Amino acid sequence: MRQVRVFEELIKARLEVDMAGLVAGVRARLESRLSLQPIPVAADLADREGPLGFGRVRTSTWEAPGFRKIALSQVSMRPLIEGFALVALPLPRLQAPIFACDLMALPTRVSINVDVYGEPASARALLEPLGESFARLGAGRGPEWATRLASGVGLHAKVSPRAVDDAFAALTAALARYLEVVSAAQESATGSGDLQRDFFKVFHEHGPRKGPLGRILGANWAERYSRLIFE
């Protein structure tokens with residue numbers, strides 16, 4: 001009976017997660033720091049509803065000073081999964097890493113991934129000051145397929161729905177540090193062009209096309225969505 005009560009409490013806490021509010025919070029942080037200019041998106045990529053009305057993915061993309069593309073997606077497949085993902089790609093001529101994160105509420109847990117991808121030393125230095133808050137959330141290793149590009153000190157964890165505020169705070173703290181790094185990034189002959197091509201190749205191969213979005217919303221749509229987000 002005690003296990004049943006704990007399970008019911010976790011379900012209740014999960015259903016109380018204000019995902020729309022978290023998405024609005026991320027967008028507000030971007031708008032407060034950057035001059036965002038919308039990038040036109042095909043209608044079915046901007047707002048896609050699943051078969052029989054089950055599931056919805058809404059995506060906004062922008063460009064901004066220092067950024068080639070910023071993409072924010074809200075995923076709603078309640079009660080199975082609900083959350084958001086954010087990817088920020090700097091201008092290729094800048095020597096700057098890529099930022100990617102997602103926060104997904106599952107039936108009894110919240111999954112969070114926050115990392116930067118780029119030159120190992122600079123990527124690690126960007127997130128290391130947040131190591132203590134990441135550790136409190138039980139941060140572990142990220143996916144093996146992304147290890148070659150990742151910082152090695154990102155936040156990859158599954159936490160109780162009761163800890164969603166702490167997880168969101170850690171995510172936005174990492175985003176704030178990242179925006180500061182890009183604003184100070186220098187142009188270089190090599191820039192981040194090769195990195196961005198490698199990033200797209202890895203995440204296109206292992207990302208949304210392989211998960212529930214591809215199965216529910218269709219392989220063709222998932223292919224185009226992956227290109228919109230990561231390419």
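As a basis for the values below, the full set of heavy atoms in this structure was taken, side chains included, without hydrogen atoms, waters or symmetry mates. Predicted model only: the values in this text are computed from it and were never measured. Starting from 1, each residue takes its place in the sequence as its number.
The shortest side-chain heavy-atom distance between Phe67 and Leu34 falls under the 4.5 Å cut-off. Looking only at side-chain heavy atoms (C-beta outward), Ile70 and Leu89 stay at 4.5 Å or farther from each other. Gln186 places none of its side-chain heavy atoms less than 4.5 Å from the side chain of Gln95. Side chains of Val75 and Asp102 form no contact here, defined as non-hydrogen atoms less than 4.5 Å apart. The shortest distance between side-chain heavy atoms of Pro38 and Thr61 does not fall below 4.5 Å. For the pair Met77/Leu213, a side-chain contact is recorded, criterion being any heavy-atom separation below 4.5 Å from C-beta on. Put simply, the side chain of Leu106 reaches to within 4.5 Å of the side chain of Lys158, judged on heavy atoms. Between Asp44 and Arg224, some side-chain heavy-atom pair lies under the 4.5 Å cut-off.
With sequence neighbours left out, Glu205 forms a side-chain hydrogen bond (donor to acceptor under 3.5 Å, both in side chains) with no residue at all. Arg29 pairs by the salt bridge (charged side-chain N to carboxylate O under 4.0 Å, His left out) definition with nothing, not counting sequence neighbours. With sequence neighbours excluded, the residues that form a side chain to side chain contact (heavy atoms under 4.5 Å, CB included) with Glu223 are His204, Arg209, Arg227.
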Could you walk me through whether Lys201 and Arg197 pass the side chain to side chain contact (heavy atoms under 4.5 Å, CB included) test, one step at a time?
CA-CA 6 Å; Lys201 182 178 179 180; Arg197 284 188 289 272; over 6 Å; no
Before you tell me yes or no, could you show the steps for Leu175 and Leu30 under side chain to side chain contact (heavy atoms under 4.5 Å, CB included), namely the whole-Å CA-CA distance, both residues' side-chain angles and the distance that decides it to 0.1 Å?
CA-CA 9 Å; Leu175 177 60; Leu30 291 171; 4.2 Å; yes
Would you sort out whether Thr59 and Val41 count as a side chain to side chain contact (heavy atoms under 4.5 Å, CB included), showing the intermediate values?
CA-CA 8 Å; Thr59 300; Val41 177; 5.6 Å; no
Would Arg177 and Leu127 count as a side chain to side chain contact (heavy atoms under 4.5 Å, CB included) if you check the C-alpha gap in whole Å, the side-chain angles of each, and the deciding distance to 0.1 Å?
CA-CA 8 Å; Arg177 284 189 56 81; Leu127 292 182; 5.9 Å; no
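Here the closest non-hydrogen pair linking Lys69 and Ile229 is CD-O, 4.5 Å. Scanning all heavy atoms of the two residues, the minimum distance from Pro90 to Ile98 falls at CD-CG1, 4.0 Å. For the residue pair Val182 and Gly66, the shortest heavy atom distance occurs at CG1-O, 3.8 Å. Residues Ile112 and Ala167 approach most closely at CD1-O, 3.2 Å, considering heavy atoms. Summarising the geometry of Ala105 relative to Met19, their closest heavy-atom pair is CB-CE, 3.9 Å, with the distance given to 0.1 Å. When all heavy atoms are compared, the tightest approach of Phe230 to Pro208 is CE1-CD, 3.4 Å.
No chain of hydrophobic side-chain contacts below 4.5 Å, direct or via other Ile, Leu, Val, Met, Phe, Trp or Tyr residues, connects Ile39 to Leu45.
Using a cutoff of 4.0 Å between basic side-chain nitrogens and carboxylate oxygens, Arg136 and Asp166 are not scored as salt-bridged. For Arg56 and Glu49, the salt-bridge test fails: no basic side-chain N is under 4.0 Å from an acidic carboxylate O.
Judged by distance alone, the side chain of Gln74 and the main-chain N or O of Ala85 form no donor-acceptor pair under 3.5 Å. No donor-acceptor pair closer than 3.5 Å links the side chain of Ser192 to the backbone N or O of Leu195. Side-chain atoms of Arg93 never come within 3.5 Å of backbone atoms of Ala189 as a donor-acceptor pair (strictly under, hydrogens ignored). Checking side-chain atoms of Thr172 against main-chain N and O of Phe168 turns up a donor-acceptor pair under 3.5 Å.
Checked against the 6.0 Å centroid criterion, the rings of Phe203 and Tyr117 qualify as a close aromatic pair. Residues Tyr178 and Phe99 place their aromatic rings such that the two centres sit under 6.0 Å apart.
Paired with Val181 under the rule side chain to side chain contact (heavy atoms under 4.5 Å, CB included), one option of Leu94, Val116, Leu126 passes, and it is Leu126.
To the nearest 0.5 Å, the span separating CH2 on Trp145 from NE2 on His206 amounts to 6.5 Å. In this structure, SG on Cys101 lies 4.0 Å from CG on Leu171, to the nearest 0.5 angstrom. Taken to the nearest 0.5 Å, the CZ atom of Arg58 stands 7.0 Å off from the OG atom of Ser76. With values rounded to the nearest 0.5 angstrom, Leu137 atom CG is found 11.0 Å from Ser160 atom OG. The line from CD of Gln196 to CG of Leu91 is 8.5 Å long, rounded to the nearest 0.5 Å. Atoms CD and OG, from Glu119 and Ser151 in turn, are 11.5 Å apart once rounded to the nearest 0.5 Å.
Of the N and O atoms on the side chains of Ser183 and Glu180, not one donor lies less than 3.5 Å from an acceptor on the other residue.
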